[in-house]
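One structure is given here, and the rest of the page talks about it.
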Amino acid sequence: MDHIAAHNQSSKVAMPPTKLGNTTPNTLHQRMSEIVPNRLSDIRIIRTKYGKGNLGNVTVDMAYGGMRGIVGLIWEVSLLDPEKGITLRTHSLPELLPRLPRGRRGSEPMPEGMLWLLLTGEVPTKEEALGLSAELAKRGVVEPWIEDVLDQCPKTLHPMTQLSYAVNACQHSSKFAKAYASGVPKDTYWQYYFEDCLDLIAKLPLIAARIYRNVTRAEGAPPVGRGLSVDVSLDWSGNFARMMGFESDEFDDMLRLFLTIHCDHEGGNVSAHTCHVVSSALADPYLSFAACMNGLAGPLHGLANQECLLFIVKMREELGDNASNDQVEAYVRAIIKSGQVIPGYGHAVLRKTDPRYTCQKEWAEMHLPDDPLLKLVGQLFEVVPRVLAEGGKVKNPWPNVDAASGVLLNHYGLKETNYYTVLFGVSRALGVLSGTLWARICGLPIERPKSLTSEEVVRLFGPEVSPKM
Ligand SMILES: CC(C)(COP(=O)(O)OP(=O)(O)OC[C@H]1O[C@@H](n2cnc3c(N)ncnc32)[C@H](O)[C@@H]1OP(=O)(O)O)[C@@H](O)C(=O)NCCC(=O)NCCS
């Protein structure tokens with residue numbers, strides 16, 4: 001995009017002054033304010049030059065088939081290539097992970113660095129990431145009545161339902177909703193959106209940790225109550241771990257890795273797309289993200305990591321610790337024959353092993369080589385792709401992100417599988433809120449694809465079939 005960069009030198013657009021009342025400007029906000037005008041200028045040029053470019057034909061099968069293969073969205077922060085895997089702002093995960101800054105503690109990247117990258121397109125310096133960490137810690141406050149509402153939830157209410165409930169409730173403090181109602185100019189929307197996104201990301205560890213503590217409390221024990229708060233000396237992930245009640249440095253590092261790699265996966269998956277479409281109606285980030293979490297809670301999407309560990313644990317119960325690959329294969333075949341899927345395998349877009357699986361497996365091999373569940377993860381990798389590939393029905397027989405994550409969490413004592421999707425959701429906030437904020441920066445309009453009825457399909461293509469409905 002050199003021509004675009006050159007054009008930028010002569011076409012800087014002055015940003016409107018921030019009108020955010022008492023909010024202290026932060027370094028990320030400053031950097032965004034510098035980047036946004038240039039990027040908007042790039043996009044104007046892209047649209048002028050390529051606006052009439054054809055992105056492909058849409059067939060009736062695609063419309064019935066979950067819109068697979070239809071390109072109809074702009075998602076600035078990440079891209080999924082079926083063969084090359086995920087790129088986050090043009091960086092592949094294996095290339096990016098060593099480059100992201102580490103914090104004052106631990107050896108894994110800080111998720112704050114990933115957030116900076118997704119929002120700005122730039123790998124931050126350690127100082128920038130630490131500054132963002134401090135900014136998030138300062139913003140990490142939840143209104144006490146929301147804490148009380150969470151404490152009132154029955155222990156048996158699914159943690160994802162509680163998360164969605166609490167995020168919706170936080171909408172009470174939306175700066176964007178307030179600014180919109182007061183009639184601020186359109187080109188300043190993103191600034192209020194930015195504020196809400198950062199506030200929401202900062203609140204999530206508090207909310208999610210409270211949910212964890214409440215759902216895991218002993219029978220008859222009281223809920224968390226007042227007093228759970230962010231420690232400003234810890235990073236975002238460290239705070240989350242500590243508030244959940246985990247103390248070990250190794251757990252902290254595992255969680256940093258988990259939260260960093262689960263953040264984003266292009267814009268068309270259920271959770272990202274839901275956030276995008278809800279936000280396109282100018283619903284604020286809280287409403288948009290709560291909707292996104294409801295999508296993530298579906299068993300074919302984010303709930304798969306819970307299903308995956310349960311699958312491996314059950315297989316171990318049935319086959320024991322010394323199962324041969326032949327026994328694992330017979331087990332897998334029986335599951336498929338009974339009409340169930342093998343959790344952790346397959347993908348709607350990827351056509352190779354998910355790099356997020358690979359880096360978690362490598363972590364596990366380094367830190368928990370003797371875990372019996374890890375041995376089964378390895379055996380499944382040897383068996384499942386070959387079995388799924390038979391018959392050619394499954395488009396991607398390779399493991400996805402969920403095939404190894406549960407084993408890591410379980411190893412460190414986080415054994416409540418119905419909580420796993422909450423961890424995924426906290427990480428996903430970094431990606432979906434970044435992508436959605438960029439949609440607001442670009443001023444993308446309300447989303448409204450056209451739908452058809454089956455009768456209309458027949459009318460369009462021929463009278464020989466007459467649906468009886
Ligand atoms: C991820 C997933 C939902 C993608 O779905 P998709 O895009 O429709 O996948 P495909 O086009 O390859 O599906 C074609 C067929 O293969 C089957 N298939 C796909 N993955 C399978 C798996 N892991 N085990 C068994 N069968 C599988 C599908 O159920 C479908 O069968 P059908 O035609 O009888 O309905 C699917 O692979 C799946 O259910 N995987 C297991 C759950 C999981 O790990 N989800 C997390 C995703 S990150």
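For ligands, and for the atoms within them, numbers begin at 1 and follow the listed sequence. The structure presented is a predicted model; accordingly, all values stated were derived computationally and were not measured.
Atoms of ligand 1 lying under 4.0 Å from any heavy atom of Gly344, numbered from 1 in the order shown and given with element: 43 (C), 44 (O). Atoms of ligand 1 lying under 4.0 Å from any heavy atom of Gly346, numbered from 1 in the order shown and given with element: 1 (C), 37 (O). Residue-ligand proximity, Ala304 to ligand 1, at heavy-atom distances under 4.0 Å covers atoms 43 (C), 44 (O), 45 (N), 46 (C).
Counting protein heavy atoms only, atom 8 (O) of ligand 1 is closest to Arg68 NH2, 3.3 Å. Protein heavy atom in closest approach to atom 12 (O) of ligand 1: Lys395 N, 2.8 Å. When hydrogens are left out, the protein atom nearest atom 9 (O) of ligand 1 is His347 O, 4.6 Å; that is the closest non-hydrogen contact. Nearest protein heavy-atom neighbour of atom 32 (P) of ligand 1: Lys393 NZ, 3.8 Å. The nearest heavy-atom contact from the protein to atom 40 (N) of ligand 1 is Tyr345 O, 2.9 Å. Scanning all protein heavy atoms for the shortest distance to atom 29 (O) of ligand 1 gives Val341 CG1, 4.0 Å. The protein atom (non-hydrogen) at minimum distance from atom 22 (C) of ligand 1 is Ile342 N, 3.6 Å. In terms of protein heavy atoms, atom 19 (C) of ligand 1 is closest to Val394 CG1, 3.7 Å.
With hydrogens and angles left out, the side-chain atoms of Ser279 and Tyr193 include a donor and acceptor closer than 3.5 Å. For Gln340 and Ser338, the side-chain atoms include at least one donor-acceptor pair closer than 3.5 Å. With no hydrogens or angles considered, no side-chain donor-acceptor pair links Arg31 and Thr120 at under 3.5 Å. A donor-acceptor pair shorter than 3.5 Å cannot be found between the side chains of Ser174 and Tyr192.
Residues Trp236 and Pro205 come closest through the heavy atom pair NE1-CG, 3.3 Å.
The backbone N or O of His158 sits nowhere less than 3.5 Å from a side-chain atom of Asn418 that would complete a donor-acceptor pair.
With a heavy-atom cut-off of 4.0 Å, Asp354 does not touch ligand 1 at all.
The pair Lys450-Glu456 fails the salt-bridge criterion, with no side-chain N (NZ, NE, NH1 or NH2) lying under 4.0 Å from an Asp/Glu carboxylate O.
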Worked verdict on Asp235 versus Ser133 for side-chain hydrogen bond (donor to acceptor under 3.5 Å, both in side chains): CA-CA 6 Å; Asp235 61 329; Ser133 202; 5.6 Å; no
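Between Val407 and Leu309, the closest side-chain pair of non-hydrogen atoms falls below 4.5 Å.
The protein does not reach atom 2 (C) of ligand 1 closely, with no heavy atom under 4.0 angstrom from it.
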